[in-house]
Amino acid sequence: MKTTFLKYLSVALASTLKFFGGPIAGVVLKLTWIETALCSAVGMMFSVFVLTYVGGAIRNLIQKYRKSPPKKFTKTNRIAVNIWRKFGIVGIAFLTPPLFTPLFGPILAVAFRVPKASIFMWMSASALVWGLAISYIAHKMTFIQEWIK
């Protein structure tokens with residue numbers, strides 16, 4: 001029981017920083033693809049929860065100690081603004097796991113002043129969909145299992 005919990009925790013923690021880490025960890029730890037998907041989604045949502053409530057404070061802290069103003073027109077910022085203009089929070093949430101990462105996606109949503117309830121709803125849906133899809137694919141890719149033997 002304790003070992004299983006530690007496996008779940010490992011997959012969730014791997015997904016807090018980079019979403020694809022969770023499904024790979026799930027394959028390595030020999031969890032089912034459903035267990036992997038759910039733990040990956042939980043890991044991403046932990047990041048979303050923390051950054052949604054602490055994101056504004058982090059932004060203010062960074063601005064307080066920043067010596068020069070941030071670049072406004074970076075490649076990533078342009079992509080994010082274009083996605084925001086075309087698709088809003090749905091687009092940001094959908095692209096958070098593969099493109100923005102569980103760290104940058106919620107910060108982006110907070111920066112666009114999206115209501116917290118919308119952030120949680122759309123990020124949860126995105127985490128579940130991507131978790132199921134990526135975990136299924138990762139478990140079907142036999143070279144991953146052969147690589148870790």
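In this text, all values refer to a predicted model and were calculated from it rather than measured experimentally.
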Here the pair of heavy atoms bringing Phe20 nearest to Ile134 is CE2-CD1, 3.2 Å
Under the side chain to side chain contact (heavy atoms under 4.5 Å, CB included) rule, what do Met44 and Thr96 come out as? Steps first, then yes or no, please. CA-CA 9 Å; Met44 178 178 146; Thr96 289; 3.9 Å; yes
Minimal non-hydrogen separation, Ala14 against Gly22, with atom names: CB-N, 3.8 Å
Can you name the nearest heavy-atom pair linking Ile92 to Ala80, along with the distance? CD1-O, 4.0 Å
Ile83 vs Phe94 side-chain heavy atoms within contact, under 4.5 Å: no
Determine whether Leu128 and Leu38 make a side-chain contact, defined as any pair of heavy atoms from C-beta on separated by less than 4.5 Å. yes
Output yes when a side-chain donor or acceptor of Ser135 lies under 3.5 Å from a complementary backbone atom of Ala37, and no otherwise. yes
Check whether Ile24 and Ile34 end up in the same hydrophobic cluster, where Ile, Leu, Val, Met, Phe, Trp and Tyr are linked by side-chain heavy atoms less than 4.5 Å apart. no
Would you say CZ of Arg85 has more than 12 non-hydrogen atoms from neighbouring residues, nucleotides or ligands within 6.0 angstrom? no
Which value, rounded to the nearest 0.5 Å, describes the distance between Leu31 atom CG and Thr4 atom OG1? 8.0 Å
What are the two closest heavy atoms between Lys18 and Thr101, and how far apart are they? NZ-CG2, 3.7 Å
If two hydrophobic side chains count as joined below 4.5 Å and joins carry through other members, does Val42 share a cluster with Leu51? no
Counting heavy atoms not belonging to Tyr136, are there more than 12 under 6.0 Å from its OH? no
Atom pair CD/NZ of Glu35 and Lys30 - distance to nearest 0.5 Å: 13.5 Å
Please test Leu95 against Ile79 for side chain to side chain contact (heavy atoms under 4.5 Å, CB included), starting from the C-alpha separation and ending with a verdict. CA-CA 11 Å; Leu95 292 174; Ile79 291 169; over 6 Å; no
What pair of heavy atoms forms the shortest contact from Thr52 to Pro106, and how long is it? OG1-CB, 4.3 Å
Distance, nearest 0.5 Å, that separates SG of Cys39 from CG of Leu29: 9.5 Å
Measuring only between side-chain heavy atoms, which start at C-beta, is Gln63 closer than 4.5 Å to Asn60? yes
Name each donor-acceptor pair under 3.5 Å that joins a side chain in residues 107-124 to protein atoms two or more places apart or in another chain, with its distance.
residue	atom	partner	partner atom	Å
Ser124	OG	Phe120	O	2.6

Quick one: do Leu103 and Val50 end up in the same hydrophobic cluster if we chain Ile, Leu, Val, Met, Phe, Trp and Tyr together by side-chain heavy atoms under 4.5 Å apart? yes
Treating Ile, Leu, Val, Met, Phe, Trp and Tyr as nodes and any side-chain heavy-atom pair under 4.5 angstrom as an edge, say whether Phe49 and Phe19 lie in one connected cluster. yes
Nearest heavy-atom neighbours spanning Ser47 and Pro102: CB-O, 3.5 Å
Run the side chain to side chain contact (heavy atoms under 4.5 Å, CB included) test on Trp33 and Leu132 for me, step by step, so that the C-alpha distance in whole Å, both residues' side-chain angles and the decisive distance to 0.1 Å come before the verdict. CA-CA 7 Å; Trp33 73 273; Leu132 289 167; 3.7 Å; yes
Can you hop from Phe87 to Val48 via hydrophobic side chains spaced under 4.5 Å? yes
